[in-house]
4 protein chains.
Amino acid sequence: MIIVLKPGISKKQETTILREIRKRGYKPHVMRGVARIVIGAIGDELTHQSLETLGVVFPQIVESVMPVQKRYKLVSREAHPEDSTVRVGDHLIGGKKFHVMAGPCSVESEKQLLTTAAAVKAAGATVLRGGAFKPRTSPYEFQGLGEKGLKLLAKARKETGLAIITELLSENHAELVAEYADIIQIGARNAQNFQLLIAAARTGKPILLKRGLSMKIEEWLLAGEYVLSNENCSLMFCERGIRTFETYTRNTLDLSTIPIIKQESHCPIVIDPSQGAGRADLVKAMCKGAVAMGADALLIEVHPNPAEAWSDGTQQVSLEIFAQIMRELRPLILAAGRE
Amino acid sequence: MIIVLKPGISKKQETTILREIRKRGYKPHVMRGVARIVIGAIGDELTHQSLETLGVVFPQIVESVMPVQKRYKLVSREAHPEDSTVRVGDHLIGGKKFHVMAGPCSVESEKQLLTTAAAVKAAGATVLRGGAFKPRTSPYEFQGLGEKGLKLLAKARKETGLAIITELLSENHAELVAEYADIIQIGARNAQNFQLLIAAARTGKPILLKRGLSMKIEEWLLAGEYVLSNENCSLMFCERGIRTFETYTRNTLDLSTIPIIKQESHCPIVIDPSQGAGRADLVKAMCKGAVAMGADALLIEVHPNPAEAWSDGTQQVSLEIFAQIMRELRPLILAAGRE
Amino acid sequence: MIIVLKPGISKKQETTILREIRKRGYKPHVMRGVARIVIGAIGDELTHQSLETLGVVFPQIVESVMPVQKRYKLVSREAHPEDSTVRVGDHLIGGKKFHVMAGPCSVESEKQLLTTAAAVKAAGATVLRGGAFKPRTSPYEFQGLGEKGLKLLAKARKETGLAIITELLSENHAELVAEYADIIQIGARNAQNFQLLIAAARTGKPILLKRGLSMKIEEWLLAGEYVLSNENCSLMFCERGIRTFETYTRNTLDLSTIPIIKQESHCPIVIDPSQGAGRADLVKAMCKGAVAMGADALLIEVHPNPAEAWSDGTQQVSLEIFAQIMRELRPLILAAGRE
Amino acid sequence: MIIVLKPGISKKQETTILREIRKRGYKPHVMRGVARIVIGAIGDELTHQSLETLGVVFPQIVESVMPVQKRYKLVSREAHPEDSTVRVGDHLIGGKKFHVMAGPCSVESEKQLLTTAAAVKAAGATVLRGGAFKPRTSPYEFQGLGEKGLKLLAKARKETGLAIITELLSENHAELVAEYADIIQIGARNAQNFQLLIAAARTGKPILLKRGLSMKIEEWLLAGEYVLSNENCSLMFCERGIRTFETYTRNTLDLSTIPIIKQESHCPIVIDPSQGAGRADLVKAMCKGAVAMGADALLIEVHPNPAEAWSDGTQQVSLEIFAQIMRELRPLILAAGRE
């Protein structure tokens, strides 16, 4: 911790602060600057009592307190210098091969799901997405088919060989969802629902953790820490847009997260351009940017008839558009050094 | 729904759209404007299939689709033109009397809690706050005393007569928390954890719903709708600051929510200046603004020794400062026409 | 400056950094912490070469660089511990007396302006606002009456004795506007138009500096520094709402700026609830909050017939509503210890 | 305009509104919906008096007023369905060839500039950037070399054949800057300084208009409208990151602007990854994303020795890194169908 004192502090005030720092288990190190005194407090910020409250107790003496250590450990690149990969069935996400997860926003019917599954498989996807439990802004909107939806996903997996990713909404469903899913998705609204993260982690299944609507990257990494520290090392981060003042798009997709997560963490990074833009007509361009910048996978909403989708119809692409996106991505995937 | 067509649409394209609107159960109403055609689609947006996807299916024809109905019902002022009040023990929140809920961020020990409870009671508070289950950004931070904390809160209630408000973090704890609490708090990070909202509502206890970090007011009202539509009409909204680009304060307290919630809804509005600013030195001014603008209650973090608080020490005020705030608020409470 | 080194730095790397710090004119002070080395670089950050680029030159060695000095000087409370006041005609803004500046968004006609001036004067305002040069988002919108508007303002001053505040949009108009205005307003869109700030400061007239739409408080204070460092000490800060994700209001009025500006600076703080909310129906509540929190003055848009206003009609209050606001503010102004 | 009335409006209230709409020059068109009445007001919103104030005059009757027309004309794709190109010397920006503009943040010395110019030319850039007039947050920071900087830029053009782009800060410098520059840059802080936009447009030089820190896309297009409506059709939009809550990067680069500007406007879109991220280590990845998504050009800050840059050293890349970026971009430029 670095403690910056106000200008014109008396010797007595300095002594008071030094005593307090020692009392809390740190060794103070005084630097007399031109304009003010700065104290370095040496000790492990992760195990000692915080010094952040010094400014509250001594408002006349302390100007600011700044931490110097990063707060995340297990997700950090320092803890695991090489890229980690997540095994899903026969696939490794985060390795040489680029992956596409695709499927409808909500599972609506057997026909809708199986048609989509066959089409996305044919176009090159390796994982099928589909919501069985849906978090909806209004209680009057379609809330998902529940377990029936999970069974349809299992059927689609059996028919196509695609792995399954689906969202977990409730601690009480953790076991149920883990029974059917190959990857458990934690949605943006639950990204800091730590009880849910712990319940998901404990199933042992790979976890895809979406970034919250207004989550700082540090908070996102720390939410991931809840997964790794509960003995589950199969974690993927998924950027899906943050909330800003712009209204042309539903969210602002922050593609800078790709190089940043690669730099700070060893976990794979997945991009969701459908939620990211909230507009089907922007999905293709977003996918291209994500591939070129080094993402490990994409998560794309695809529906056989977006106009009649029971949820988020404006952001789902049709089967034809999806196939076209996959074709246009190919040269970029190669140019980015992936398969 | 209002459907705006692109300029220069052919007769045939117009017919296509009209047919589609009728197919979805609405009666179209065509207005030929100077620059383009606008269609009003008459029918209940809450019961009919959405028209929002028209832009996706017919991107060459449709420019934009705008809803005209509000999406919330039970929380709206239209549904209940008079102010509703929430009964907590002998108190009515939302009525003539102004209420203050105060106490530590986390329950830490019997001594800490009972000292605080006695002091805030003496200064005029009617509800004691205190976290037993704490949502923490990092898994390595103090997570609360759990049930032991709840028991201490119950003891403080017995000794002081103060009602108790505490946060619910997990659906699995809903019954346990309801056993001890007089008001269940849903925190900002769980404001769109709908499963938790439903579990909390079903306990029948009054609910204080904090605004999420980046929640639009419409979304907040709709989250409240999850409470009322689960047969619990004791709902209070609590503004606690939204996340913006400003870094001087931890959050930006949006006091305009006071007149807005009063206008849109019949439910009481509570202001939390401690989370709102994240700085103890700004709490007093924030409280004054909230009272003058017509808030029904305040939720203030108070600690006998903020410097040694186990969580959020920088935003908790001392017992002395709290008493001083209460004294300075009195003339403003009267000037605002409250008791 | 504080320079945090990465973990596991070699002795040689440390020497490299120390040499570089000395080369740039600072005295390094090494602290060996548990996890990493931290260096305090002693020297005046305002006069020496910046160390912020150390992380770029030595990315393998340096983790982060943190400044410890505040960047603003003349506007800071440290530079001038007592409140400063701004003299406008016979009035002192920032002193014991609370001031209200009111008038139309745009000057439209003699009748409109004189009617408004007489009414706001009768209700207790001391300054008349009115835009002669208007910054409009679209080039097709009304751009203001220009010099003709200034002449009308002068006439209104002559008739009522009210002082005049009006916006300066162009360096080329600085002398012209200064000829007529008692206070020069710098609008939100020009808050970091430093050339305009310098031109305005050099007229010697009092300056009211609005906060930019997404301006951090530190940047606002530094923009104020452009005024004071150009030998004009009559500066007022004016909060008018920041841009956030919320769409219910046009902007989010950040009332926490009142205690913050009072703490960081000696200059008066004025609140503009009209721009702040963008809705006439929220103005009264916002005014009350501002008074209770200690603002020095209000800037309110008033129009004899808001429905027919040539700009921003939705946020201007009528003469009757203005008079009512002034009546309701009186007890709060007294409760806040002002006249 | 669409006017939504409140539920339960009387016949008399309806008549009042209809009369008012006609009075303002629109033809009303009534639609009786299930929950409320909606009125379409037919007439040109760009030439008639606004109806937006109806809600203020008749708050008991009108719930909301929604515009249906887009406010921008000349910059819109509707006005000019094909891509427009901007001629700069022998180059066409916005055509088949992809362009890179590169150079230092500030012009510091002849040696610094000529070294950079030669290196960026050798690596494939076609335009040299360099600031002679610098907008700085603090008045105590380096403000640029002024005309001396412009002369150095002209010398670099003469030696290398590169075109020159430099920022215009003051209306008073418009002629001076136009004498030296091939492209005039309007910076983010001045993006809504309309007087400056008009002065720049009137020089007849190509204009590169950066997006303001918190500018909505519609506002950006309307600011561009100020250029085109002042008879200058050589306009380029430049995305340089918006301000959000995230602090890991200086700004959040919004790459979705590439497909959006292409859809809404005919003008070229340029991406500035240096300002966009504020971190040299993220520039390469950002460039790749921009190329893959269809940007027309890049604007990159390059310095022979970023550590000693007089401004923004943390975001400038070295000559070596720049050459490497250019090499790695080549396959992506081809994959994106550009030269």
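We name chains A, B, ... by the order of the sequence lines, and we start the count at 1 in each one. Computed from a predicted model, the values in this text were never measured in an experiment.
Closest of all the heavy-atom pairs between C:Ala292 and B:Ala292 is CB-CB, 3.5 Å.
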Dump the table of donor-acceptor contacts under 3.5 Å between chain B and chain C, or return none if there are none.
residue: B:Arg211; atom: NH2; partner: C:Glu246; partner atom: OE1; Å: 2.8
residue: B:Ile217; atom: N; partner: C:Glu246; partner atom: OE1; Å: 2.8
residue: B:Glu246; atom: OE1; partner: C:Arg211; partner atom: NH2; Å: 2.9
residue: B:Glu246; atom: OE1; partner: C:Ile217; partner atom: N; Å: 2.8
residue: B:Tyr248; atom: OH; partner: C:Glu264; partner atom: OE2; Å: 2.3
residue: B:Gln263; atom: OE1; partner: C:Arg279; partner atom: NH2; Å: 3.1
residue: B:Gln263; atom: NE2; partner: C:Asp281; partner atom: OD2; Å: 3.1
residue: B:Glu264; atom: OE2; partner: C:Tyr248; partner atom: OH; Å: 2.3
residue: B:Arg279; atom: NH2; partner: C:Gln263; partner atom: OE1; Å: 3.2
residue: B:Asp281; atom: OD2; partner: C:Gln263; partner atom: NE2; Å: 3.1

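For C:Ile242, the part lying under 4.5 angstrom from a heavy atom of chain B is the side chain only. Residue C:Ile258: no heavy atom, backbone or side chain, is found under 4.5 Å from chain B.
Per-residue heavy-atom pair counts under 4.5 Å with chain B were compared for C:Ile260, C:Leu282, C:Leu255, C:Leu332, and the maximum is reached by C:Ile260.
A search for side-chain contact (heavy atoms from CB on, under 4.5 Å) contacts involving C:Ala223 returns C:Leu197, C:Leu209, C:Met215, not counting sequence neighbours.
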